[in-house]
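Remarks on the structure that follows.
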Amino acid sequence: MITKEAAPAAPAPARTAPEPPRPAKRHRAWDEAPRWQIYLPLGIYLVFTLVPFYWILLFALRPAGSTSLVPWPMTFDHFEKVWTDRSFGTFFSNSVLVGVATLVMTTLVALAGGYALARFDFRVKRGFMLALLCSQFVPGALLLVPLFEIFAELQMINSLGSVIIAETVFQLPLSMILISNFIKNVPYSLEEAAWVDGCNRMRAFLVVVLPLLRPGLIAVGSFAFVHSWNHFLFALMFLNNQEKQTIPVGLNTLMSADSVDLGALAAGGIIAAVPVVLVFAFIQKWLITGFSAGAVKG
């Protein structure tokens, strides 16, 4: 029997790699602003912010009597004048002492009060919190007369201690409220676990809670330091001796009714601004984290 041989099967067509999907064309949402609407206001704001700083540098670095818009030839005579002849070295050291002491006292007292507000319940707690908030509406000028009478009775007039105490009292309400919010964001179960392990309340706070409060403490301390560094009113009223004055009052002495030494005033302003700029440059990361953590209760 003769059989027909099967015809060879046709070769299968070669498979081609699928084409990658084309990215969909991105359409701008109606509520998305064009780039120029973002950069133009930011550029204008940057110009208004940097021009005054450049103007200060211009007056501080160019020679006296020059009208050039570029500080060349550059001179540091104005800085030498205010640092030696106008006693800005003494003013600077006094401001550093007041700022650091205010930072330490405000942080310690606010830390103790903030922990009490965050972890304990007592009858007048709401009233006390309301009093702290209402104290922020009282301007510092209204405190001058009572504080002056108190310091006069304590014989603390013309002493840096009077300025430090006044600045601490003025900074405490807001600092205490902020630190209490920081502590509320720390879970209470962490302290309870430390108590189970044998720690008392103080040791549990120092070992468990305090390390977690570092961003908040840096934010509160820096705020207190900068405010006391720039505050003019308390130092003007409580300090009479020139050797006890701070930088804001020293800047005021550079202006008289007849004339103003713009070069010396600009140099003094730069000396006053540099420490604050350096402080914020080093603590910027912790400052933003601290204020965002204390603003909202978690």
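Looking at Val163 and Lys244, their side chains never come closer than 4.5 Å, going by heavy atoms from C-beta outward. Side-chain contact between Leu117 and Phe122 is present, with at least one heavy-atom pair separated by less than 4.5 Å. For the pair Leu217 and Leu210, the minimum side-chain heavy-atom distance is below 4.5 Å. Residues Thr246 and Phe92 form no side-chain contact, since every pair of their non-hydrogen atoms from C-beta on lies 4.5 Å or further apart. Taking the side chain as every heavy atom from C-beta outward, Val208 and Val186 never approach each other to under 4.5 Å. The side-chain heavy atoms of Val169 and Leu143, taken from C-beta on, include no pair separated by under 4.5 Å. Within the 4.5 Å cutoff, the side chain of Ser95 has heavy atoms near those of the Pro248 side chain.
Linking Ile, Leu, Val, Met, Phe, Trp and Tyr whenever their side-chain heavy atoms come within less than 4.5 Å leaves Phe170 and Val220 in two separate clusters. No path of Ile, Leu, Val, Met, Phe, Trp and Tyr side chains, each step under 4.5 Å between heavy atoms, connects Leu50 with Leu42, placing them in separate hydrophobic clusters. Hydrophobic clustering, with ILVMFWY side chains joined whenever heavy atoms are under 4.5 angstrom apart, keeps Ile183 apart from Tyr188. At a threshold of 4.5 Å between side-chain heavy atoms, the hydrophobic network of Ile, Leu, Val, Met, Phe, Trp and Tyr places Ile56 and Val274 in one connected group. Val249 and Leu251 fall into different hydrophobic clusters, defined by Ile, Leu, Val, Met, Phe, Trp and Tyr side-chain heavy atoms under 4.5 Å apart, directly or through other members.
Looking at residues two or more places apart in sequence or on another chain, you find a side chain to side chain contact (heavy atoms under 4.5 Å, CB included) between Leu108 and Val104. Residues passing the side chain to side chain donor-acceptor pair (under 3.5 Å) test with Gln171, sequence neighbours excluded: His227. Residues meeting the side chain to side chain contact (heavy atoms under 4.5 Å, CB included) test with Ala267, sequence neighbours left out: Ala60, His78, Phe79, Val82.
Contact record, Leu172 with Ala110: CD2-N, 3.8 Å, taken as the closest heavy-atom pair. Here the closest non-hydrogen pair linking Leu262 and Phe59 is CD1-CE2, 3.7 Å. Nearest heavy-atom pair across Thr84 and Glu80 is OG1-O, 2.6 Å. Between Gly161 and Met156 the shortest heavy-atom distance is C-CE, 3.7 Å. Across every non-hydrogen atom of Leu160 and Leu239, the tightest pair is CD2-CD1, 3.9 Å.
One finds no salt bridge joining Lys81 and Asp77 here, because no Lys/Arg side-chain nitrogen approaches an Asp/Glu carboxylate oxygen to under 4.0 Å.
How far CD1 of Ile157 is from CG of Leu147: 9.5 Å, rounded to the nearest 0.5 Å. With rounding to the nearest 0.5 angstrom, the CD1 atom of Ile179 is 7.5 Å from the CG atom of Leu213. Between Leu154 atom CG and Ile165 atom CD1 the span is 7.5 Å, to the nearest 0.5 Å. To the nearest 0.5 Å, atoms OG (Ser93) and CZ (Phe88) are separated by 12.0 Å. For the atom pair NZ (Lys125) and OG (Ser180), the distance works out to 8.0 Å, reported to the nearest 0.5 Å. Atom-to-atom distance recorded for Cys199:SG and Phe205:CZ is 13.5 Å, nearest 0.5 angstrom.
A donor-acceptor distance shorter than 3.5 angstrom exists from the side chain of Asn94 to the backbone of Gln245, with no hydrogens or angles considered. Panel note: side chain Asn158, backbone Asn240; a donor-acceptor pair is recorded below 3.5 Å. At distances below 3.5 Å, not a single donor-acceptor pair connects side-chain atoms of Thr102 with backbone N or O atoms of Gly99. Proximity of a side-chain donor or acceptor of Asn185 to a complementary backbone N or O of Asn181 within less than 3.5 Å is detected. A donor-acceptor pair under 3.5 Å is absent between the side-chain atoms of Thr106 and the main chain of Leu103, judged by distance alone. Of the possible donor and acceptor atoms, one in the side chain of Trp229 sits under 3.5 Å from a partner among the backbone N and O of Ala272.
Applying the ring pair (Phe, Tyr, Trp, His ring centres under 6.0 Å) test to residues at least two apart or on different chains, the pairs with a partner in residues 131-160 are Phe151-Phe238. The list of side-chain hydrogen bond (donor to acceptor under 3.5 Å, both in side chains) pairs with a residue in residues 191-205, not counting sequence neighbours, reads Tyr115-Glu191, Tyr115-Arg201, Arg119-Glu191. Among pairs with a residue in residues 49-63, none fulfils side-chain hydrogen bond (donor to acceptor under 3.5 Å, both in side chains), at least two apart in sequence or across chains.
For Phe120, the CZ atom is densely surrounded, since the number of other residues' heavy atoms within 6.0 Å is greater than 12. Heavy atoms from other residues, nucleotides or ligands lying under 6.0 Å from CZ of Phe232 number more than 12. Environment of CZ in Phe48: sparse, with no more than 12 heavy atoms of neighbouring residues, nucleotides or ligands closer than 6.0 Å.
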Given Phe182 and Leu178, is the side chain to side chain contact (heavy atoms under 4.5 Å, CB included) satisfied, shown in steps? CA-CA 6 Å; Phe182 299 145; Leu178 290 176; 4.1 Å; yes
Could you walk me through whether Phe91 and Ile271 satisfy the side chain to side chain contact (heavy atoms under 4.5 Å, CB included) test, starting with their C-alpha distance in whole Å, then the side-chain angles of each, then the deciding distance to 0.1 Å, before giving a yes or no? CA-CA 11 Å; Phe91 299 156; Ile271 293 174; over 6 Å; no
